[in-house]
Asks: 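Please find one structure pasted underneath; my questions will follow.
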Amino acid sequence: MTTETQLPQATGSCCSPSGSCHDGADAGVPSDGVTTVYQVSGMTCGHCEGAVSEEISGIEGVTSVKAVASTGQVTVVSAAPLTDDAVRAAVDEAGYELVGRA
């Protein structure tokens, strides 16, 4: 079970957020986001994924969060690199522990 939180982006097909299957840059969709994968301990279910995703989504600049309880990995896309302290605080607020970057 996974929970993914998408913040202001168009929904579409699996090809791209805008539904385009073309490799070119989509108008209005940032192509320079930073993707970072974190390891979080304590997540066991969809509720855990949702709680972690919700808290991390509240960090300024975060555009997408995908938490996977079975692996403990949380993939975060942001406009600029995030500080580990900001992510740790969000994960702590959700009631889990940030182990580090995966």
Side-chain angles (χ1 to χ4, degrees):
M1 193 179 280
T2 64
T3 299
E4 184 167 357
T5 302
Q6 292 285 332
L7 300 177
Q9 289 185 346
T11 57
S13 76
C14 61
C15 298
S16 73
S18 67
S20 171
C21 289
H22 302 297
D23 290 338
D26 295 325
V29 177
S31 61
D32 56 350
V34 177
T35 301
T36 309
V37 180
Y38 297 95
Q39 192 69 38
V40 174
S41 67
M43 294 189 301
T44 59
C45 65
H47 172 78
C48 300
E49 295 167 342
V52 169
S53 295
E54 182 178 345
E55 290 298 332
I56 293 175
S57 293
I59 299 172
E60 186 176 340
V62 170
T63 58
S64 174
V65 180
K66 181 178 181 182
V68 182
S70 62
T71 63
Q73 292 191 338
V74 180
T75 304
V76 180
V77 180
S78 56
L82 302 175
T83 66
D84 287 347
D85 288 343
V87 177
R88 186 175 317 281
V91 171
D92 287 349
E93 184 66 28
Y96 303 91
E97 180 183 354
L98 177 67
V99 176
R101 294 181 189 225

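Bear in mind that the values here come from a model prediction, so they are computed numbers and not experimental data.
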Asks: So L82 and Y38, side chain to side chain contact (heavy atoms under 4.5 Å, CB included) or not? Walk me through it.
Replies: CA-CA 11 Å; L82 302 175; Y38 297 95; 4.1 Å; yes
Asks: Start with the C-alpha gap between T35 and T75, add the side-chain angles, then the distance that decides, and say whether side chain to side chain contact (heavy atoms under 4.5 Å, CB included) holds.
Replies: CA-CA 7 Å; T35 301; T75 304; 3.6 Å; yes
Asks: Rounded to the nearest 0.5 Å, what separates atom CG in D84 from atom OG1 in T36?
Replies: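 Rounded to the nearest 0.5 Å, the CG-OG1 separation comes to 8.5 Å.
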Asks: Which heavy atom of S53 sits nearest to which heavy atom of A67, and what is that distance?
Replies: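 Heavy atoms of S53 and A67 come nearest at OG-CB, 3.6 Å.
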Asks: Under a 3.5 Å distance rule, please check whether T63 uses its side chain to pair with a backbone N or O of V77 as donor and acceptor.
Replies: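 Such a contact is found between T63 side chain and V77 backbone.
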Asks: Hey, is the main chain of T71 close enough, under 3.5 Å, to the side chain of Q39 for a donor-acceptor pair?
Replies: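 Side chain of Q39 to backbone of T71: a pair is present.
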Asks: Starting from the C-alpha separation in whole Å, work towards a yes-or-no answer on side chain to side chain contact (heavy atoms under 4.5 Å, CB included) for V65 and E55.
Replies: CA-CA 10 Å; V65 180; E55 290 298 332; over 6 Å; no
Asks: Could you pull out the closest heavy-atom pair between A69 and T44, with the gap in Å?
Replies: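 Distance-wise, the nearest heavy atoms are CB-C, 3.8 Å.
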Asks: Can you name the nearest heavy-atom pair linking A90 to I59, along with the distance?
Replies: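 That closest heavy-atom pairing would be CB-CD1, 4.0 Å.
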Asks: Shortest non-hydrogen contact from M43 to V52?
Replies: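 Minimum heavy-atom separation between M43 and V52: SD-CG2, 3.8 Å.
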Asks: I need the minimum non-hydrogen distance between Y96 and C48, along with the two atoms involved.
Replies: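 That would be OH-SG, 3.1 Å.
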Asks: How far apart are the closest heavy atoms of V62 and I56, and which atoms are they?
Replies: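 Between these two residues, the closest heavy atoms are CG2-O, 3.5 Å.
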